[in-house]
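Okay, so here's the structure we're looking at.
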Amino acid sequence: MSVVAERLTKRFHPNAAPAVCEVSFEAPSGAITALLGPSGAGKSTVLRLIAGLERPDEGRVVIDGGDVTRRAVQKRGVGFVFQSYGLFDHMSVRQNIGFGLSVRRIKRGEIDQRVNELLSLIQLEGYGDRRPGQLSGGQRQRVAFARALAVSPKILLLDEPFGALDAKVRVELRDWLERLHAETRITTLLVTHDQEEAFAVAERVVIILKGRAAQVGSPAEVTAAPASKPVADFLVYARARAEAPIGPLSARVASGTIVGVSRTGDRVLVTVEAPRRLEVELPASRFEAMRVGEGDSVEVDPSTGELSPRGR
Amino acid sequence: MARSGRRASERVVTESPGVRRLLIGAAMVFLTLFLFAPLAAVFVNAFRAGAGAYAAAVADPGTREAIGLTLLVAAIVVPLNLVFGLAAAWLIAKFSFRGKGAMVTLIDLPFSISPVIAGLVFVLLFGRQGTLGPWLLERGVQIVFAVPGIVLATLFVTLPFVAREVLAQMQTQGSEEEEAALTLGAGGWRMFWSITLPKVRWSLLYGIVLCNARAMGEFGAVSVVSGLIRGETITVPLQVEILYNEYQFVAAFAVASLLTLLALLTLAARRFVEARSAR
Amino acid sequence: MVPRILILGAVAVAVLASEASRAGEPPAPARPEKVVLLNVSYDPTRELYAEYDAAFARHWEAQTGQKVEIKQSHGGSGKQARAVIDGLEADVVTLALAWDVDALRREAELIPEGWQQRLPQNSAPYTSTIVFVVRKGNPKQIRDWGDLGREGVSVITPNPKTSGGARWNYLAAWHWALERPGGDEQKARDFIARLFGNVPVLDTGARGSTTTFAERNIGDVLIAWENEAFLLERDIARGKVEIVVPSSSILAEPPVAIVDRYVDKHGTREVAEAYLRYLYSDEGQEIVARHYYRPRSKRVMARHAEQFAKVKLFTIDQAFGGWEQAQRKHFDTGGVFDQLYESKR
Amino acid sequence: MTRRGVLPGFGLSLGISWLFLGLVVLLPLSGIFLRSFELGWGDFWRLISDPRTLAALRLSFGAALAAAVFDLFFGLLVAWVLARYRFPGRGLVDASVDLPFALPTAVAGLTLTALYAPSGLFGAAFGLLGIQVAFAPLGIVVAMAFVSLPFVVRTAQPVLEELDPALEEAAAVLGATRWQTFRKVILPNLLPALLTGFALALARAIGEYGSIVFISGNMPMRTEIAPLLIVTRLEQYDYAGATALALVMLVVAFVLLLAINLLQRWSRKRHGAHVL
C-alpha cells in the first residue's frame with residue numbers, strides 16, 4: 001500500500017508563490033515516512049493533498065497503484081490524525097472511536113467489539129464513557145489515533161501528532177507509535193518539524209523547504225550527504241534546537257530579541273536571540289502587521305515557529 | 001501557517017457548489033421577502049405622494065414637537081445609561097460580591113419583559129391610584145402622563161444596553177493594565193480615564209448607539225405612560241400611530257421613515273465599530 | 001464616595017420630578033397673562049376640537065384679554081378616562097359616553113355626583129348617531145341592521161370593551177333587534193351573536209376601524225359614528241363609499257365635563273367652564289355642525305338640516321334605563337358580550 | 001475574581017448600580033407583586049383562568065413558539081450562509097440582519113401591516129391562496145418572527161465561524177457524508193447556541209406589543225395577545241385583572257431568563273461565544 005506523490009503543486013492565492021511546488025516522493029508500503037521541514041514549509045499541505053482535504057492545482061496522488069487525485073476524501077481509505085486532534089467534544093471516547101464505523105452503518109455489536117479492541121490497544125480501557133474534555137493531552141492524542149485506526153485505513157496520515165504535547169509525553173507517545181506501527185505495519189506518513197522525532201521513527205525522510213521536496217532518503221543518507229546548503233543548514237539548525245535543553249513543561253515559549261530580518265519575496269526570515277539563536281520564517285504581511293523590527297522584544301514558540309510581539 | 005490564511009470558500013470539506021448556491025439563494029430570497037421588503041415599503045409609502053408631501057409631513061408642527069421631545073428623552077436617558085452601564089460593568093467584571101448573580105439577572109430583566117408591563121409598573125407606582133402617586137401628586141410632582149414618566153419608562157427598557165456591551169468587553173480584557181497603572185502610582189480616576197475608558201471605548205460607543213436607537217424608538221412602554229397630550233407627551237413613534245389614526249398615511253410613513261433612517265444609521269455605526277475594534 | 005453618588009442620584013430624580021410640574025399652576029388672584037387648558041377627548045373629535053380650540057381662544061382673549069392655550073389629548077374613550085383617573089390632569093374631558101365620564105366620579109371622585117346636570121342637555125352639547133358606511137354602489141345591498149347578521153356580510157366595528165363608539169354601535173343593534181315585531185331578549189342575543197360573528201377585525205378604537213375599512217379595504221360595511229361616516233364619504237374615501245341610514249338608531253350623547261379636582265388645583269375653573277359653555281353658543285354649535293355632529297341649537301340645526309338623515313332615534317335612558325344598567329348587563333367582565341365571544345369557542 | 005482591595009471603585013460602582021436598579025427596576029416591579037398580593041389566591045386564580053385570559057395566553061405562547069421555530073430554521077439558514085460562504089453583497093446582508101433590533105416596533109408594525117394586509121403586496125398574494133395573514137393569528141406570528149429573527153442568527157453565526165475545521169475534516173476522512181457530518185458533528189456543537197437563540201426569540205416574541213397591535217386585528221378570543229389584554233384591562237379600570245396577567249407574564253419572563261442564562265453558560269463553556 002504505497003503512496004506516491006507526483007509533482008504536487010498547490011497555490012492558495014493566485015498571485016502568491018505556491019505553498020507546495022512540484023513535490024514528488026514515494027512512501028513505501030508498511031513503512032513510516034516523515035515529512036520534515038520548518039514551520040510554514042508546506043509539509044501539512046502536502047499531507048492534506050494526499051488525504052484529499054485539499055485539491056492540488058497540478059500533480060497526482062497515487063495510493064496502492066491507483067490514481068486517487070479526483071477521489072473524494074471519504075473514499076480514499078486514509079486515517080488522519082490532526083494536530084488539534086479534532087475530537088468530537090460532544091461524544092464520549094467510545095462514540096468518537098466508533099464514529100467512522102457508525103457512518104458506515106455497521107452493526108452495533110461489531111462496533112462495540114472493535115472499539116473495545118482499540119481501547120485496549122491505546123491502553124485506555126476504563127475511559128470509554130468519558131468525554132474528550134476529561135482526558136489529558138496524551139490520552140486525547142491516543143483516542144485520535146484509535147479513531148483513525150478504527151476504519152482500518154490503508155494508510156495513516158499524522159499531522160504534527162505530538163506538536164501540542166510537552167516534551168516528556170512526546171517521547172513516550174513516540175515510543176508507543178513505534179510499537180503500534182510494529183504491530184500494524186500500516187503505511188504511515190508523519191509530518192513533523194522535529195528532526196530528532198523524524199529520524200527516530202521514520203525509515204524514510206522527505207525534507208521539505210519552501211514548498212519543495214529538497215531531499216528524499218533514509219535518515220542516514222540525509223545526514224551523511226545533505227543535497228544542498230539549505231538542507232544542511234536546516235539539519236544543523238534543527239539539531240541545535242533538539243539538543244538545547246528543554247525547560248520545564250511550561251517553557252514552550254521563549255522570549256528574545258530580534259537580531260536579524262531578511263526578506264525573500266513575500267516571506268521574511270527573522271533571527272531571534274533567545275538566548276539561543278532561533279530562526280522563524282513567516283509571511284511578510286504577517287510580520288509587518290506585528291510592527292516589530294530589529295532590536296524589539298518578541299516571544300517565540302519553537303514548536304510552531306509562532307512569533308508574537310511582547311507585552312501587548 | 002498557510003492554513004490560517006485559507007478562505008472558507010476554498011475548503012474542500014464543504015457543500016457541493018450546487019448546494020452552496022441553493023442555500024445562498026434560499027437565504028437571499030428569504031431575507032429579501034422577510035426583511036428588505038418591509039424596509040422598502042416604509043420608503044415607498046412615505047414617498048407615495050411625492051417629495052413635497054414628504055417634506056410637509058416632516059415639517060408639520062406636531063411632528064417637530066414630537067422630534068423635540070424624543071431628542072430630549074434620549075438626551076436624558078443616554079447619559080444616565082452611560083453612568084449606570086460603566087458602573088455596573090466595572091462592578092461585575094472586576095469584583096465578586098454577594099448578590100452579583102441577582103444583579104446580572106436584574107440587568108437582563110428589561111430585555112425579556114413585555115414593554116407593556118414596563119409601562120404598567122410605572123402607572124401602578126406613580127398613578128393617582130398607585131402606591132406613591134397620590135403623595136407625589138399632592139406635592140405637585142407629576143410622573144406618569146408627563147415627561148418624567150416617559151423618561152423613566154424609556155430608562156427601564158434601555159437599561160441593559162450599555163451595561164451588557166461594556167461588560168462583555170471588560171470580561172474578555174482582564175485587569176492587568178489597570179493593576180499596572182495602579183502600581184505605577186496612578187489614582188483611581190486617572191486609571192479609569194486613561195486606561196479603562198480607552199480600552200472599552202468601542203463597546204461603549206456601540207452600547208450608546210443601541211441605547212439611543214431604542215430610546216428613540218420605544219413604543220409600547222411609552223404609549224402606556226404618555227397621556228397623548230399634543231405637543232407635550234407625544235414621542236415620534238406615538239406620532240406615527242396618531243398620524244396613522246388620522247388617515248394621514250403618507251405622513252405616518254414619512255415620520256416612520258425618519259425612525260427607519262435612524263435604524264439604518266445604527267446598523268452602519270455597528271459596522272464601523274466592529275471594523276475599528278477588529279483592528 | 002457612596003453617599004455622594006446617592007445625593008447626586010437624588011438630585012437627578014428631583015430635577016426630573018420638578019420638570020413634571022406643569023405650567024399655569026398656582027391659582028392667582030389676578031388673571032395671569034396666559035392660561036393652559038388640557039382637554040382629554042376621544043378619537044373622532046380631533047378635527048372638531050382643532051377648529052373649536054382656535055375659535056374659543058379668540059373669543060376668550062377678546063372677552064378677557066387673557067391668552068389661552070388648549071392642549072389636546074385623543075385616544076380611545078375608555079383609555080382616556082383611565083389616564084385621567086391615573087393622573088393625567090385634564091381640566092376638561094369630552095368623551096364618547098357618560099359611562100366613561102362617570103368613571104371619574106366612581107373610580108376616583110374627581111368630579112361630584114350630579115355632574116351631568118351642571119350643563120344643559122345632560123352635559124352633551126352635541127349628539128350624533130350610528131350609521132353604516134358601505135362600498136360604492138352598495139354591492140351587498142345593505143339597508144338595515146338585519147342585513148349585518150346575514151351570512152357573507154363582513155362587518156367592521158371596534159371592540160365595545162375598549163371603544164365608546166362601539167358600545168353605541170352594539171346598543172343600537174341590540175335595541176333594533178329587541179324592538180322588531182316578535183323580538184325578544186333571546187332573539188336580540190342571537191342577532192348580536194350573528195353580527196359579531198361577521199366581524200373579521202375588532203379594533204380597539206373607532207379610528208382603527210375606520211382605517212381598517214377605508215385604507216385596508218376590509219369589510220362590506222362599517223358601523224360608524226355619523227360624523228365619522230361623513231368624514232369618510234366627503235373627504236377621505238370620496239367616491240369609494242356611501243352612507244346607509246338604518247331604520248332606527250341610537251341617539252349618541254357624548255358628554256363634556258370639567259374635572260373639578262384638577263381645575264381647582266390648576267386654578268382654571270373659570271376658563272374651563274367658559275370653554276365648555278361656549279360649545280353651546282351659536283358659534284360653537286356652528287363648528288360642531290360643520291364637523292358633522294348634530295347641534296343642539298334648533299337654529300343651527302335648521303341651517304344644516306339637509307345634511308343629517310331623518311332616522312328614528314332612541315336614547316339610552318329610554319331603551320336601557322341608563323348607562324349603569326347597560327354597562328353592567330352587556331359590557332362588564334362576564335356580561336352578554338363576553339358570553340357571546342366565549343361561547344364561540 | 002476576588003480582587004477587592006486592589007482595584008478601586010467598588011463602593012462607588014456598587015452604589016451607582018444598586019441606585020439605578022433599585023429606582024428603575026426593583027421598585028417599579030415590586031409594585032406588581034405588592035398589588036397581586038392584595039388579590040389573594042382565589043381572586044388571582046379567577047382572573048387568570050377566565051376564558052378570555054386563557055385564550056390570550058394560549059395565543060401569545062402559541063404564536064411565539066411558532067415564530068421562534070420559524071426563526072430557528074431560517075435564522076440557521078442565514079447564519080450558515082453568512083458564516084460559511086463568501087458572495088457579493090455579503091457584508092451588506094450581514095449588517096442588515098440586525099435591522100429588526102434597530103427598527104422601532106411601531107414602524108415594523110406599520111410597514112408589515114401595509115405589506116400583509118389584504119390590500120398589500122404580500123397580503124394579496126396570500127389572499128390568492130386563500131390565506132389571510134394580517135388580522136389573523138398568522139399575522140401575529142409574522143410580526144413576532146420579524147422582530148426576533150436576529151437572535152437566532154447572532155447566536156448561531158459566531159459558533160459556526162469558530163467551529164474547528166478539523167472536526168468536519170475528521171468526520172469526512174472517517175467516511176461521513178456532508179449530511180452526516182452536519183447532523184452528527186455540526187448540529188450538536190451548534191445546539192446550545194441555537195437553543196439560546198430560540199429562548200431569546202421566544203422571550204422577545206411573548207412580550208412583543210408595538211408591532212402586533214397594528215397587524216393583529218385584536219379580536220378577543222381570536223387575535224388578542226396577552227400584552228394587549230393587559231392594556232385592555234387597564235382601559236376598563238380593571239387593575240386587578242391587568243396586574244394578575246402582568247404577574248403571569250413576569251414569572252414567564254423570569255423563567256425564560258433563567259433558562260437563557262443556563263443555556264449561555266453551557267454554550268460559553270463549549271465555545272466562548274457570547275450574545276448581547
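Just so we're on the same page: letters track the sequence lines, and every chain starts at 1.
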[X], part contacting chain D, at a heavy-atom distance under 4.5 Å:
X	answer
B:A37	both
B:M103	both
B:S257	neither
B:F192	neither
B:V42	both
B:R270	side chain

Just verifying a value: how many Å separate [X] [atom1] and [Y] [atom2], rounded to the nearest 0.5 Å?
X	Y	atom1	atom2	value
B:L109	D:F254	CG	CZ	4.5 Å
D:L256	B:S112	CG	OG	7.0 Å
D:I225	B:S114	CD1	OG	7.0 Å
B:L23	D:W80	CG	CH2	8.0 Å
B:L120	D:R35	CG	CZ	9.0 Å
B:F249	D:L110	CZ	CG	9.5 Å

D:T111 side chain vs B:A41 backbone, donor-acceptor pair below 3.5 Å: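 Judged by distance alone, no pair lies under 3.5 Å.
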
Partner of D:T243 by side chain to side chain contact (heavy atoms under 4.5 Å, CB included), out of B:I117, B:V121, B:L124: B:L124

Between [X] and [Y], is any pair of side-chain heavy atoms under 4.5 Å apart?
X	Y	value
B:R271	D:D94	yes
B:L106	D:W18	yes
D:F101	B:T266	no
B:D108	D:I260	no
D:P100	B:L35	yes
D:V25	B:I107	no
D:L29	B:I113	yes
D:L12	B:W90	no

Minimum heavy-atom separation for [X] and [Y], please, with both atom names.
X	Y	answer
D:G207	B:P115	O-CD, 3.3 Å
B:L33	D:F122	O-CE1, 3.3 Å
B:A87	D:S13	O-CB, 3.3 Å
B:L259	D:P104	CB-CG, 3.7 Å
D:V81	B:A27	CG2-CB, 3.8 Å
D:P8	B:G188	CG-CA, 3.8 Å

D:L21 vs B:F84, side-chain contact (heavy atoms from CB on, under 4.5 Å): CA-CA, chis, key distance, verdict: CA-CA 9 Å; D:L21 286 172; B:F84 168 75; 3.9 Å; yes

Which one wins on heavy-atom pair count under 4.5 Å against chain D: [options]?
options	result
B:L267, B:V209, B:L125, B:L262	B:L267
B:Q129, B:E178, B:R214	B:Q129
B:V236, B:I24, B:L264	B:I24
B:V44, B:L86, B:L182	B:L182
B:Y244, B:F30, B:F156	B:F30

Need one label for [X]: side chain, backbone, both or neither, based on atoms under 4.5 Å from any heavy atom in chain B.
X	answer
D:L149	side chain
D:A172	side chain
D:F87	side chain
D:A145	both
D:W179	neither
D:L14	both
D:V213	side chain
D:L34	neither

Worked check of side-chain contact (heavy atoms from CB on, under 4.5 Å) between B:K94 and D:F10: CA-CA 9 Å; B:K94 309 294 183 191; D:F10 177 73; over 6 Å; no

is_close_aromatic(B:F34, D:F70), centroid dist under 6.0 Å: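 Yes - the distance between ring centres of B:F34 and D:F70 falls below the 6.0 Å cut-off.
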
Highest number of heavy-atom pairs under 4.5 Å with chain B: which of [options]?
options	answer
D:P227, D:S30, D:A203, D:A114	D:P227
D:G89, D:G31, D:G210	D:G210
D:V78, D:L258, D:L99, D:I230	D:L99

Over 12 non-hydrogen atoms of neighbours within 6.0 angstrom of CZ in D:R90: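 Counting other residues, nucleotides and ligands, CZ of D:R90 exceeds 12 neighbours.
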
Heavy-atom neighbours of D:F73 CZ exceed 12 at 6.0 Å: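 Incorrect, the count does not exceed 12.
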
